[in-house]
K.L.:
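Below: one structure in C-alpha cells.
Every value quoted in this text rests on a predicted model; they were computed, and no experiment measured them.
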Amino acid sequence: MSDMYRVLCVVCVWLLFHLVCCRNVTYVGRLTPDCVTSYHRIILSRRVPPRTYLYFHEAMPQDQLSRDGEEPREEDQDGPVDLQWRIVGGRQVSIKQVPYQVLYGMYCGGTLIAPDWVITAAHCKDKEKFILAGSTQRSQATKYMICAHFLHPLWNTTHLHTHDYDYQLVLLEQAVPVTPNSRPIAIGNVDDIREGEMITVSGWGHTKYKQRVMQDIVRRVRVPVMAHEICKSLPLMNYKTITPRMFCGGYLNGSKDSCQGDSGGPAILHGKLVGLVSFGVGCAMKDQPGVYSNIPLVRNWIRQVTGLPL
C-alpha cells in the first residue's frame, strides 16, 4: 500500500468516524494506518469476530473463583507478602489472579473487556497513548498503543456530581494476546451489586494517601458494597450527591480501600466486572469509603461503541 493511499484511508475513516459514530460527541483518536482496519470493522461493517477465548470466570477453576480475592494460599503467591503492603489493607498477588487488570498510561488502572478493548475512568482523561498489560510487575508489563478514546457522552455534564458517568472506553492498536497473564473479563449484572457483597479491587496504586510512588507489584483487596442510603448519609458532601451511576464500597472504620493510581481499575464480583474505581476522599479513612462507577448500568453504551456481544 502506497503512503498516499494510506493517508487517504486515514482521512476517509476519520470523516466516517465523526459522521457515522460521533454525531454531537467528539471522540479522540490517533487514527494511525494500523488502526484503519479496526475502524472499518467497528464503524462501517459493525462486524464483530466470534469470541474464540474464555472470559476470566470461564477459565478460572470453580474452587479458585469461589475464593476470589481472599487471602492467597502459599502456593498462589509469587513471593513473601508483607502485611503492611496494601492497595490499602490488601495483599500482593500474581497477575494470573487478576489477568484482566491493566495500567492505563502510567497512573491509572483499567480492565480488559476484550483483547482490543479496555474500560477505564473518564476522569483519567483521554491523553494517554498506551496501556500496560501482562505482568505482575508494572515495570515489566508490555506496552500496547491506543487507537482511540471514547468518553461517555454524559461524562460530567449532568451537574449532579463531578464524577457522574465516569466511563471511558479505549480501543487498542493491537489486541492483547489472551494468556494466563492477560485475559478479558465479562461484565456482571445490575442486580449483582447488593449491600454486603464483597467486591475485589486491584491495582498498582499508592498504599498511602498522597504517597508519590506507584507500586511495582499488583495488589488486591476485598471490601463490602455499602448500602446506597448509608453512603449518602455520610458527613462529606461528596457522598451526599452520589448518583445512581455510582456505588460505595468499604468499611466505615476505614481499614481497607483503593487509593490514588487505582483510579479506573476494576471492581470484581463473582468473577465479573461490576465497577471501576471512580473517586474517594483520602484513602482508607473513617466514614470515607471508595466510590465506584456502576459498569452493568452502561452495558448498552459499551455495546454501541464496541459492537461486542456483551
K.L.:
Taking the side chain as every heavy atom from C-beta outward, state whether Asp116 and Val176 have any pair of such atoms under 4.5 Å apart.
P.N.:
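No, every pair of side-chain atoms sits at 4.5 Å or beyond.
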K.L.:
Check which hydrophobic residues are tied to Val190 through side-chain heavy-atom contacts below 4.5 Å, counting indirect links as well, and list them.
P.N.:
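In the cluster with Val190 are Leu297.
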K.L.:
Less than 4.0 Å between a side-chain N and a carboxylate O, is that true for Arg194 and Glu197?
P.N.:
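Counted as a salt bridge, because a side-chain N and a carboxylate O are separated by less than 4.0 Å.
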K.L.:
Does the gap between the ring centers of His161 and Tyr239 come in under 6.0 Å?
P.N.:
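No, they do not, as the ring centres are separated by 6.0 Å or more.
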K.L.:
Please report, to 0.1 Å, the donor-acceptor pairs under 3.5 Å made by any side chain of residues 139-148, with sequence neighbours excluded.
P.N.:
| residue | atom | partner | partner atom | Å |
| --- | --- | --- | --- | --- |
| Ser139 | OG | Asp216 | OD1 | 3.1 |
| Ser139 | OG | Asp216 | OD2 | 3.1 |
| Gln140 | NE2 | Gln137 | OE1 | 3.3 |

K.L.:
How close do Tyr104 and Lys125 get, counting heavy atoms only, and between which atoms?
P.N.:
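For Tyr104 and Lys125, the tightest heavy-atom pair comes out as OH-O, 2.6 Å.
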K.L.:
For a side-chain contact (heavy atoms from CB on, under 4.5 Å) check, start with the C-alpha distance between Leu151 and Asp126, then their side-chain angles and the critical distance, and finish with the verdict.
P.N.:
CA-CA 8 Å; Leu151 299 181; Asp126 55 14; 3.7 Å; yes
K.L.:
Report the C-alpha distance between Lys96 and Asn181 in whole Å, list the side-chain angles of each, state the deciding distance to 0.1 Å, and finish with yes or no for side-chain contact (heavy atoms from CB on, under 4.5 Å).
P.N.:
CA-CA 5 Å; Lys96 290 181 173 65; Asn181 288 356; 3.2 Å; yes
K.L.:
How are the rings of Tyr53 and Tyr55 set to each other: parallel, tilted or perpendicular (split at 30° and 60°)?
P.N.:
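Perpendicular, since the angle between the ring planes exceeds 60°.
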K.L.:
List the steps and the verdict of side-chain contact (heavy atoms from CB on, under 4.5 Å) for Leu252 and Leu234.
P.N.:
CA-CA 9 Å; Leu252 289 177; Leu234 294 174; 3.8 Å; yes
K.L.:
Salt bridge or not for Lys272 and Glu58, using N-O below 4.0 Å?
P.N.:
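Salt bridge flag = no for Glu58 with Lys272.
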K.L.:
Could you name each residue pair satisfying ring pair (Phe, Tyr, Trp, His ring centres under 6.0 Å) that touches residues 113-133, not counting sequence neighbours?
P.N.:
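For residues 113-133, and leaving out neighbouring residues, the ring pair (Phe, Tyr, Trp, His ring centres under 6.0 Å) pairs sorted by first residue read Trp117-Phe150, His123-His163.
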K.L.:
Leu54 versus Met60: any side-chain heavy-atom pair under 4.5 Å?
P.N.:
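Of all side-chain heavy-atom pairs linking Met60 with Leu54, none is under 4.5 Å.
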K.L.:
Taking the side chain as C-beta and beyond, is there a heavy-atom pair between Arg299 and Asn189 under 4.5 Å?
P.N.:
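When only atoms from C-beta onward are counted, Asn189 and Arg299 do touch, with a gap below 4.5 Å.
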K.L.:
side-chain contact (heavy atoms from CB on, under 4.5 Å) for Trp155 and Asp166? Distances and angles first, verdict last.
P.N.:
CA-CA 6 Å; Trp155 157 242; Asp166 193 9; 3.5 Å; yes
K.L.:
Taking a hydrophobic cluster as the set of Ile, Leu, Val, Met, Phe, Trp and Tyr residues connected by side-chain heavy atoms closer than 4.5 Å, whether directly or through intermediates, do Leu310 and Ile268 fall within one such cluster?
P.N.:
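In one cluster: yes.
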K.L.:
Assign the ring pair Tyr100 / Phe56 to parallel, tilted or perpendicular, where the plane angle (0 to 90°) is split at 30° and 60°.
P.N.:
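Perpendicular.
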K.L.:
Do Phe247 and Met226 make a side-chain contact, defined as non-hydrogen atoms from C-beta onward lying under 4.5 Å apart?
P.N.:
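In short, these two side chains do not touch, never coming nearer than 4.5 Å.
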K.L.:
Using side-chain heavy atoms (C-beta onward) and a distance below 4.5 Å, is Arg138 in contact with Met106?
P.N.:
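A side-chain contact under 4.5 Å exists here.
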K.L.:
Which residue is it: Pro184, Ser182, Pro177? I am looking for the one with a side chain to side chain contact (heavy atoms under 4.5 Å, CB included) to Pro115.
P.N.:
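Answer to the side chain to side chain contact (heavy atoms under 4.5 Å, CB included) test with Pro115 among Pro184, Ser182, Pro177: Pro184.
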K.L.:
Applying the side chain to side chain contact (heavy atoms under 4.5 Å, CB included) criterion to Ser202, which one of Thr111, Val221, Val98 satisfies it?
P.N.:
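Of the listed options, the one satisfying the test is Val98.
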K.L.:
Does any non-hydrogen side-chain atom of Leu269 lie less than 4.5 Å from one of Thr200?
P.N.:
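Heavy-atom side-chain distance check fails, nothing below 4.5 Å.
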K.L.:
Answer yes or no: is there a side-chain heavy-atom contact under 4.5 Å between Ile185 and Leu112?
P.N.:
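Ile185 does not reach Leu112 side chain to side chain.
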K.L.:
So Trp301 and Tyr167, would you call those rings parallel, tilted or perpendicular, with 30° and 60° as cut-offs?
P.N.:
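Ring orientation, 0 to 90° scale: tilted.
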K.L.:
Any side-chain donor paired with an acceptor under 3.5 Å for Gln168 and His152?
P.N.:
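Note: Gln168 and His152 side chains miss the donor-acceptor criterion.
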K.L.:
For the side chain of Thr120 and the backbone of Gly109, is there at least one donor-acceptor N/O pair under 3.5 Å apart?
P.N.:
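Yes.
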K.L.:
Any side-chain heavy-atom pair from Arg219 and Val93 closer than 4.5 angstrom?
P.N.:
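They are not in side-chain contact.
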